[in-house]
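Data block below; observations after.
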Amino acid sequence: MQITEIFSSQLPVGETLSIKRSRFEPTHKKDNLKRISIVSGTHGDELEGQYVIYLLSSWLNKNSSLINGIIDLYPAVNALGIDSITRGFPLYEVDLNRAFPGGKEEYLPGQVVYALAQDVKGSDIAIDIHSSNIFLREIPQIRINKEFSEFTLPHAKELNCDFIWIHDAVTVLEATFSHTLNQMGTRTLVVEMGVGMRLTKEYGVQLLNGILNLMKKEGIITTDEKFESREPFLSEIGEVFYINAPTSGLFVPELNHCEVITKNAKIGTIVNPLDGAILETIYAPSGGILFTLREYPIVYEGSLLARIFGNTDEKN
Amino acid sequence: MKKIEILRINSLNRAPLIVEGYLFEGSNPDAPTVAIVGAMEGKTILPLYTASKLVDFLKNSISESKNILGNILVIPSINHYALNINERFWPLDKTNLNTMFPGYAEGETTQRIAKRLFDAISGYTHGIILENREDLSTCFPYVRLFQSGYEDIKNAKKFGYKIVHHKELRPTDTVSLQYNWQLWGTKAYSVMCPNETQIDMNSSNEVLEGIISFLSKNKIIKYKVLNGFESTVVTKEDIEIVKTPKSGIFIPTKQIGSHVIKDETIGKIIHAIEGEVIHKIVAPSNGVIACHYKNGLIFENAVSFRIIKSG
Ligand SMILES: [Zn+2]
């Protein structure tokens with residue numbers, strides 16, 4: 001394993017910002033090796049990817065003889081953000097995942113994403129691990145842009161996630177890591193799982209198995225070991241129902257995340273601690289799986305409370 | 001003048017956010033109309049100040065109400081919640097309102113705010129958005145128009161600011177108010193304000209006078225104004241970006257608006273711990289300083305100045 005600095009910048013007061021990559025490759029160099037890049041920490045408040053990458057690097061350390069490709073790990077793209085609980089790039093308040101492809105001549109956030117994109121460029125596959133945000137908890141899922149789904153969907157199915165969400169192309173999302181890398185010819189998948197500022201250990205293990213499974217299928221590791229690969233449900237076979245807060249208040253959930261629920265099940269209440277009033281009771285508009293659930297209890301009118309993946313015909 | 005409620009959002013622990021607009025009804029139904037949107041974000045003062053002074057001007061400085069020819073709607077502040085606690089974006093989820101357009105009635109809080117605002121300002125002939133640059137620089141007032149295919153450069157010159165920046169459209173600009181307003185048939189202009197935390201009388205007057213000039217020249221108000229600048233249209237090719245190879249304490253020695261000559265020293269970087277000058281920033285060409293970095297500490301390779309080339 002070799003650690004390389006892919007970007008560095010001297011900060012104003014006695015500190016250097018450094019973005020690092022670790023590379024695992026076979027002990028005996030070969031030509032035409034497949035390369036996979038695992039990226040995380042683009043959003044400084046999302047830490048689940050840190051744990052997955054730790055599990056993976058630790059697995060690779062123990063099983064270095066099984067490595068038959070190049071595995072590049074970038075756990076902390078927004079290094080300053082991660083260490084200061086800042087989602088965006090500190091000071092500039094810029095979402096790094098809206099700053100791609102960036103450029104050498106751009107401001108610091110643009111330079112960072114440019115360096116990342118240039119370094120990942122040429123990989124066969126890239127996985128960008130996100131963990132929602134501090135407000136919502138997500139079931140392990142893959143988000144795929146329809147535009148590239150022909151190439152990315154088969155890989156997504158190997159990743160041992162519960163849900164694959166295929167979405168339409170949106171212009172504003174062209175500034176993301178995944179869009180930029182997909183356009184450069186790297187098959188790039190976005191994982192969303194867990195919640196911001198926390199680790200969900202079982203999800204970490206679940207995705208580790210998925211990544212090992214995919215790497216085995218792609219010949220990046222060679223092993224007889226079988227890795228769990230659950231069958232994900234695809235967004236195309238049903239419908240995603242959004243439940244936004246009808247009013248502002250304190251949201252108290254009644255159900256557990258990931259539960260399979262029936263239509264009209266009570267999802268939770270929005271209450272006012274000051275006078276003890278129940279402001280709203282929230283019911284499920286559809287049966288299905290509660291794959292997104294509000295974690296941060298303060299809500300404003302419009303705040304997302306939950307998402308349900310259900311059957312289309314239940315809408316009526 | 002009529003005060004109208006544009007939108008209201010309740011909060012568990014704060015007083016409701018009530019956004020109000022000031023509608024000055026015109027005396028001539030055939031005259032063009034205008035809506036002006038003030039502060040969508042906090043941490044700066046000029047968009048708010050300019051819009052509120054405009055309300056004062058229309059209310060108290062126009063002697064006869066019949067001199068207001070076309071309808072004028074001014075919404076001085078959208079994001080009181082951010083302004084009151086010196087946050088830049090929506091304080092709970094830190095989303096930027098100016099990336100939520102055209103908005104969505106059933107969506108997230110800021111999408112709903114954007115939708116209600118957008119509904120209230122739709123249908124006007126002209127739309128003026130008072131904005132700040134999104135990076136950490138301050139500038140002289142200018143008009144920013146995206147190269148969207150809908151822009152009206154001729155009218156943008158009627159503000160009489162030094163420049164109209166005709167800017168390439170990026171993917172992230174497609175969710176801005178300007179772009180969506182254009183798309184729905186209003187001639188929209190972003191007036192880029194100096195990024196200040198205190199009111200500077202000179203620059204704030206310049207912003208306000210530009211807007212009054214625009215209203216007058218488009219015959220939305222009958223009011224005699226002094227001519228401003230004959231605006232120069234500037235694109236990427238006209239702008240010289242001056243970066244600093246070193247990080248440290250940044251001291252601009254030339255002011256915004258100054259004419260500079262090639263190789264002239266315009267700023268310096270001081271070592272943050274040892275105090276010596278570690279880099280002298282020199283003008284790469286003749287021109288006028290349009291922007292400079294606004295904080296005392298600057299990153300390596302950051303843009304320290306933007307110069308509009310001349311000569
Ligand atoms: Zn994220």
Side-chain angles (χ1 to χ4, degrees), chain A residues 8-17 45 86-89 91-95 98-101 104-111 133-136 170-176 179-180 242-251 270-274 279 296-304, chain B residues 8-14 16-17 41 43 81 87-96 99 104-113 115 134-137 169-176 179 241 243 245-250 269-273 293 295-303:
Chain A
S8 83
S9 180
Q10 187 66 47
L11 298 179
V13 191
E15 183 191 355
T16 305
L17 164 66
D45 58 354
T86 313
R87 183 172 182 79
F89 195 95
L91 192 65
Y92 288 103
E93 298 177 81
V94 166
D95 183 339
R98 298 287 180 278
F100 284 89
K104 254 196 185 132
E105 295 302 313
E106 281 191 16
Y107 58 1
L108 193 50
Q111 294 166 37
N133 51 42
I134 61 169
F135 302 103
L136 302 165
V170 189
T171 312
V172 62
L173 295 183
E174 287 171 15
T176 58
H179 193 277
T180 303
Y242 288 71
I243 298 130
N244 295 75
T247 188
S248 306
L250 183 78
F251 174 67
I270 297 176
V271 303
N272 183 351
L274 188 63
L279 303 170
Y296 191 81
I298 300 297
V299 297
Y300 274 92
E301 180 198 332
S303 297
L304 191 62
Chain B
R8 174 188 291 255
I9 295 279
N10 286 319
S11 160
L12 180 61
N13 297 304
R14 295 180 76 165
L17 170 72
E41 59 180 66
K43 275 197 180 172
Y81 277 0
E87 282 268 345
R88 188 164 158 202
F89 299 131
W90 183 248
L92 182 68
D93 63 12
K94 321 291 181 206
T95 50
N96 180 353
T99 61
Y104 177 44
E106 308 293 312
E108 280 279 346
T109 313
T110 42
Q111 292 176 310
R112 292 180 186 212
I113 293 173
K115 167 72 175 146
E134 50 285 315
D135 61 10
L136 295 169
S137 63
L169 188 76
R170 299 163 305 173
T172 43
D173 296 325
T174 58
V175 286
S176 67
Y179 180 78
I241 288 174
K243 306 192 104 184
K246 295 246 164 70
S247 59
I249 296 171
F250 169 61
I269 306 292
I270 307 287
H271 191 286
I273 306 285
Y293 186 74
N295 286 1
L297 288 175
I298 195 164
F299 287 133
E300 198 176 84
N301 226 4
V303 176

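Reminder, nothing fancy here: chain letters follow the sequence lines and each chain counts from 1.
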So which part of [X] gets closer than 4.5 Å to some heavy atom of chain A, the side chain, the backbone, both or neither?
{"X": "Gln111(B)", "answer": "neither"}
{"X": "Tyr293(B)", "answer": "side chain"}
{"X": "Ser11(B)", "answer": "both"}
{"X": "Asn295(B)", "answer": "side chain"}
{"X": "Lys43(B)", "answer": "side chain"}
{"X": "Arg8(B)", "answer": "backbone"}

Name the option with the most non-hydrogen atom pairs under 4.5 Å to chain A; the candidates are [options].
{"options": "Ala272(B), Ala302(B), Ala105(B)", "value": "Ala272(B)"}
{"options": "Lys243(B), Arg88(B), Lys94(B), His271(B)", "value": "Lys243(B)"}
{"options": "Asp135(B), Leu136(B), Thr172(B)", "value": "Leu136(B)"}
{"options": "Ile241(B), Ile298(B), Val303(B)", "value": "Ile298(B)"}
{"options": "Thr109(B), Thr99(B), Asn13(B)", "value": "Thr109(B)"}

message: For the OH atom on Tyr296(A), are there more than 12 heavy atoms of other groups (residues, nucleotides or ligands in this structure) within a distance under 6.0 Å?
response: no
Of the backbone (N, CA, C, O) and the side chain (C-beta and beyond), which part of [X] lies under 4.5 Å from a heavy atom of chain B, both, or neither?
{"X": "Ile298(A)", "answer": "both"}
{"X": "Leu250(A)", "answer": "both"}
{"X": "Ile270(A)", "answer": "neither"}
{"X": "Thr86(A)", "answer": "neither"}
{"X": "Leu108(A)", "answer": "side chain"}
{"X": "Tyr92(A)", "answer": "both"}

message: Parallel, tilted or perpendicular: which one describes the rings of Phe89(A) and Phe299(B), with boundaries at 30° and 60°?
response: perpendicular
query: Between Tyr300(A) and Tyr81(B), what is the ring plane arrangement, given parallel below 30°, perpendicular above 60°, and tilted in between?
result: tilted
task: Tell me, out of Gly110(A), Ser248(A), Ala175(A), Ala245(A), who's got the most heavy-atom pairs with chain B below 4.5 Å.
output: Ser248(A)
field: Winner by heavy-atom pair count (cut-off under 4.5 Å) against chain B, out of Glu174(A), Gln111(A), Arg98(A)
entry: Gln111(A)
- request: Ignoring hydrogens and angles, tell me if any N or O in the side chain of Glu108(B) forms a donor-acceptor pair with the backbone of Leu304(A) under 3.5 Å.
  value: yes
query: Within the side chain of Glu300(B), is there an N or O that forms a donor-acceptor pair under 3.5 Å with the backbone of Ser9(A)?
result: no
task: Kindly give the heavy-atom pair with the smallest separation between Leu12(B) and Pro273(A), and that separation in Å.
output: CD1-CD, 3.8 Å
query: Where is the tightest heavy-atom contact between Arg112(B) and Asn244(A), given as atom of each residue plus distance?
result: NH2-CB, 3.4 Å
